S.K.: 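First, the structure itself, so that you have it in front of you.
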Amino acid sequence: QVQIVESGGGLVQPGGSLRLSCAASGFTLDYYSITWFRQAPGKEREGVVCINTVGVIKEYADSVKGRFTIFRDYGTVYLQINNLKPEDTGVYYCATRGSEPRTLCTDDPREGHYKSWGQGTQVTVSP
């Protein structure tokens, strides 16, 4: 079955760090732009950061600039998060673009723009 799996979340104190992973089964992430989204309880899903197929990065959330880094390594997409803040708490998802041009980044939250979504990984930042 074609699927995406996110991992690496957990409970962290403010100022801590996490590295989230996005891996695919049944296809390769190399041929798609990958967008990380997050959703806090009771809030709308928001685009955070994206990497396209040639490594160009788009940052959508001003609050993560300088703290979040997205990169690819051996077919897996990672999100390194440093200096975590309580407002970073939420479920983090990665998604592969399904609409053309699939090689370019988008933060459009509409489901029809994405080929696959992961189940999400929970990030909780609390003292």
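All values reported here derive from a predicted model rather than from experimental measurement.
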S.K.: Can you tell me how far CD1 of Ile4 sits from OG1 of Thr96, rounded to the nearest 0.5 angstrom?
M.R.: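 Rounded to the nearest 0.5 Å, the OG1-CD1 separation comes out at 4.0 Å.
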S.K.: Heavy-atom count check: over 12 atoms from other residues, nucleotides or ligands less than 6.0 Å from Tyr31 OH?
M.R.: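 No, because the 6.0 Å sphere around OH of Tyr31 holds 12 heavy atoms or fewer from other groups.
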S.K.: Under the salt bridge (charged side-chain N to carboxylate O under 4.0 Å, His left out) rule, what pairs show up with a residue in residues 46-59, not counting sequence neighbours?
M.R.: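 Only Arg38-Glu46 qualify under salt bridge (charged side-chain N to carboxylate O under 4.0 Å, His left out).
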S.K.: Would you indicate whether the side-chain heavy atoms of Leu79 and Phe71 approach each other to under 4.5 Å?
M.R.: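 A side-chain contact under 4.5 Å is absent here.
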S.K.: Under 3.5 Å, sequence neighbours excluded: what are the donor-acceptor pairs made by side chains of residues 9-21?
M.R.:
from  : atom 1 : to    : atom 2 : distance (Å)
Ser17 : OG     : Asn82 : OD1    : 3.0
Arg19 : NE     : Gln80 : OE1    : 2.7
Arg19 : NH2    : Gln80 : OE1    : 3.1

S.K.: Please report the shortest heavy-atom distance between Cys50 and Thr35, naming the atom on each side.
M.R.: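 What the structure gives for the nearest pair is SG-OG1, 3.4 Å.
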S.K.: Would you say Tyr78 ends up clustered with Ile51 if hydrophobic residues are merged whenever their side chains have heavy atoms under 4.5 Å apart, either directly or through other cluster members?
M.R.: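 No; Tyr78 is not reachable from Ile51 via cluster members.
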S.K.: To the nearest 0.5 Å, how far apart are CZ in Arg97 and CZ in Arg102?
M.R.: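 That separation rounds to 11.0 Å.
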S.K.: Yes or no on side-chain contact (heavy atoms from CB on, under 4.5 Å) for Ser33 and Thr103, after CA distance, side-chain angles and deciding distance?
M.R.: CA-CA 5 Å; Ser33 64; Thr103 57; over 6 Å; no
S.K.: What is the minimum heavy-atom distance between Asp88 and Arg67, and which atoms define it?
M.R.: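 Heavy atoms only, the tightest pair is OD2-NH1, 2.7 Å.
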S.K.: Which heavy atom in Gly8 sits nearest to a heavy atom in Thr121, and how many Å separate them?
M.R.: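 Taking every non-hydrogen atom into account, N-OG1, 3.9 Å.
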S.K.: Taking atom CD of Glu44 as the centre, does the number of heavy atoms from other residues, nucleotides or ligands within less than 6.0 Å exceed 12?
M.R.: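 No, the 6.0 Å shell around CD holds no more than 12 heavy atoms from other groups.
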S.K.: At their closest point, which heavy atom of Ile70 faces which heavy atom of Ile34, and how far apart are they?
M.R.: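 Residues Ile70 and Ile34, closest heavy atoms: CD1-O, 4.0 Å.
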S.K.: Do the side chains of Trp36 and Glu6 get nearer than 4.5 Å, heavy atoms only?
M.R.: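 In contact.
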S.K.: Parallel, tilted or perpendicular: which describes the rings of Phe27 and Tyr32, with under 30° parallel and over 60° perpendicular?
M.R.: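 If you compare the ring of Phe27 with that of Tyr32, the planes turn out perpendicular.
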S.K.: Under the criterion ring pair (Phe, Tyr, Trp, His ring centres under 6.0 Å), I'd like the reasoning laid out for Phe37 against Tyr60: C-alpha separation, chi angles, the key distance, then a yes or no.
M.R.: CA-CA 10 Å; Phe37 293 86; Tyr60 298 110; 8.1 Å; no
S.K.: Does the pair Arg72 and Leu29 meet the rule for a side-chain contact (heavy atoms from CB on, under 4.5 Å), with working shown?
M.R.: CA-CA 9 Å; Arg72 297 177 186 265; Leu29 298 178; 4.2 Å; yes
S.K.: Set out, in order, the CA-CA distance, both residues' side-chain angles and the distance that settles side-chain contact (heavy atoms from CB on, under 4.5 Å) for Phe68 and Val48, then state yes or no.
M.R.: CA-CA 9 Å; Phe68 286 35; Val48 178; 3.7 Å; yes
S.K.: Is there a salt bridge (charged side-chain N to carboxylate O under 4.0 Å, His left out) between Lys65 and Asp62 once you walk through the steps?
M.R.: CA-CA 6 Å; Lys65 292 180 179 179; Asp62 288 341; 3.1 Å; yes
S.K.: Atom CH2 in Trp117, atom CZ in Arg45: separation rounded to 0.5 Å?
M.R.: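 If we round to the nearest 0.5 Å, Trp117:CH2 and Arg45:CZ are 3.5 Å apart.
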S.K.: Quick one: do the Ser99 and His113 side chains pair a donor with an acceptor below 3.5 Å?
M.R.: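 Side-chain D/A pair, Ser99 to His113: present.
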S.K.: For Gln122 and Thr124, what are the C-alpha separation, side-chain angles and deciding distance, and is it a side chain to side chain donor-acceptor pair (under 3.5 Å)?
M.R.: CA-CA 6 Å; Gln122 176 72 44; Thr124 303; 3.3 Å; yes
S.K.: Mind listing the closest non-hydrogen atom pair of Tyr114 and Asp108 along with its distance?
M.R.: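 Closest approach of Tyr114 to Asp108, heavy atoms only: OH-O, 2.6 Å.
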